[in-house]
Amino acid sequence: MGRGSQAQARQNRRRVVDTASRLFREQGTEVSVADLMKAAGLTHGGFYKQFASKEALIGEATARAFEDHADVRAGALERHEGDREAAQRAFIDAYLSATHRDDAADGCPAAGLAVDIARGHGDAEARRVFTEQVGDTAAWLATADQDGVVRLCTMVGALVLARATAGDPLSEDILAAARTALTGDRTTPERDTARDSHVPLINYRAQPEPR
């Protein structure tokens, strides 16, 4: 295989992993290989030239989703000039927003993939990555007086329930109650109206700054 072909193969592999990362969070890991490859703009037959199995892809897609998630935390900390509590507050406000609720594909992998990982979908690497990254996120959310595991469980649980009740006022109430429990703030973050731009919604766009 020439250099050009190798570069194209790497690009195609990246495209499949990126697409799977979004589709699995949005629709679950039972998305068919055929539908996945169609969404990536590639032929079905090319899948097994790139991946040993769908289970192996689930592991890679899980890792990719959490890479994006870690980048968000790092970006929040940078924007707040190292102020960890301010960065955590921005993270929580964006996480428990209607914008994030309504875009599972670009959202939190802990909320989007937990059920599939619990049911044994994916290879051992998928579970290892999921477990490690959930622990890292909880550690990042910890403060001197709030346990990070409790904060993360509150956030993920609220997000899952808000998505399941979307369309009913209860959904907004769930998000608001979780925000209040974690930050003491009873205001509602402004809903993002730039729905047509394809930017990961967990990147906190159009979310209010910490007070």
Side-chain angles (χ1 to χ4, degrees), residues 14-33 35-37 39-40 51 54-76 91-141 148-149 151-167 171-172 174-175 178-179 182 189 191-192 195 197-205 207:
R14 171 85 185 200
R15 186 187 305 175
V16 173
V17 174
D18 287 346
T19 301
S21 173
R22 298 186 72 252
L23 279 182
F24 291 164
R25 278 178 280 175
E26 181 181 43
Q27 300 178 25
T29 60
E30 293 186 359
V31 173
S32 70
V33 170
D35 287 344
L36 171 62
M37 295 300 282
F51 303 95
K54 183 181 175 184
E55 287 69 27
L57 172 61
I58 292 172
E60 290 194 39
T62 298
R64 179 62 49 77
F66 275 108
E67 285 173 10
D68 294 342
H69 198 56
D71 287 345
V72 168
R73 300 199 307 268
F91 185 90
I92 291 168
D93 279 344
Y95 194 103
L96 296 171
S97 68
T99 298
H100 184 204
R101 177 199 63 194
D102 295 343
D103 194 339
D106 289 311
C108 172
L113 299 173
V115 171
D116 288 304
I117 297 297
R119 289 174 176 169
H121 297 186
D123 57 10
E125 179 66 5
R127 184 176 288 268
R128 185 197 68 77
V129 168
F130 187 92
T131 302
E132 178 181 277
Q133 293 300 320
V134 165
D136 285 351
T137 304
W140 188 84
L141 284 166
V149 172
R151 294 185 105 185
L152 180 59
C153 289
T154 301
M155 292 163 65
V156 172
L159 181 63
V160 170
L161 290 175
R163 285 175 175 168
T165 57
S171 179
E172 304 283 349
I174 290 169
L175 294 174
R179 281 194 306 271
L182 294 175
R191 183 181 178 86
D192 177 24
R195 302 291 297 174
S197 60
H198 181 64
V199 178
L201 297 179
I202 193 64
N203 266 351
Y204 319 116
R205 56 195 176 101
Q207 299 300 327

Please determine whether side-chain hydrogen bond (donor to acceptor under 3.5 Å, both in side chains) holds for the pair S21 and D18, giving the CA-CA distance in whole Å, both sets of side-chain angles, and the decisive distance to 0.1 Å. CA-CA 5 Å; S21 173; D18 287 346; over 6 Å; no

Option among R127, Q133, R128 that satisfies the side chain to side chain contact (heavy atoms under 4.5 Å, CB included) test with T131: R127

How far apart are the C-alpha atoms of S97 and R101, what are their side-chain angles, what is the distance that settles it, and do they pass the side-chain hydrogen bond (donor to acceptor under 3.5 Å, both in side chains) test? CA-CA 6 Å; S97 68; R101 177 199 63 194; over 6 Å; no

To the nearest 0.5 Å, tell me how far H100 NE2 sits from L175 CG. 10.0 Å

What one should report as the nearest heavy-atom pair of R163 and A111 is NH1-CB, 4.1 Å

Looking only at atom types and distance, does a side-chain atom of T19 sit under 3.5 Å from a main-chain N or O of R15, one as donor and one as acceptor? yes

Given the rule in the salt bridge (charged side-chain N to carboxylate O under 4.0 Å, His left out) test, do R64 and E60 qualify, once you have shown the distances and angles that lead to the verdict? CA-CA 6 Å; R64 179 62 49 77; E60 290 194 39; 5.8 Å; no

When rounded to the nearest 0.5 angstrom, what is the spacing between NE2 in H69 and CZ in R25? 9.5 Å

Taking every non-hydrogen atom, the tightest pair across F130 and A114: CZ-CA, 3.7 Å

Are there over 12 heavy-atom neighbours, none belonging to R119, within less than 6.0 Å of that residue's CZ? no

Side-chain (K54) to main-chain (T29) donor-acceptor, under 3.5 angstrom: yes

Taking all non-hydrogen atoms of both residues into account, name the closest pair between A110 and V134 and its distance. CB-CG2, 4.3 Å

Kindly indicate whether the side chain of L96, heavy atoms from C-beta on, has any atom under 4.5 Å from the side chain of L182. yes

Rounded to the nearest 0.5 angstrom, the CG-CG distance for D136 and L152 is 11.0 Å

Can you tell me which residue among V160, I92, T137 is in a side chain to side chain contact (heavy atoms under 4.5 Å, CB included) with M155? I92

So does D106 pair up with R22, basic N to acidic O under 4.0 Å? yes

Gap between atom OG1 of T62 and atom CG of D116 - 0.5 Å precision: 8.5 Å

Closest non-hydrogen atom pair, G59 against D123: CA-OD1, 3.7 Å

Please round to the nearest 0.5 Å and tell me the distance separating atom CH2 of W140 and atom CZ of F91. 6.0 Å

If you define the side chain from C-beta out and look only at heavy atoms, does anything of L36 sit under 4.5 Å from L57? yes

Between CG of L23 and OG of S32, what distance do you get to the nearest 0.5 Å? 9.5 Å

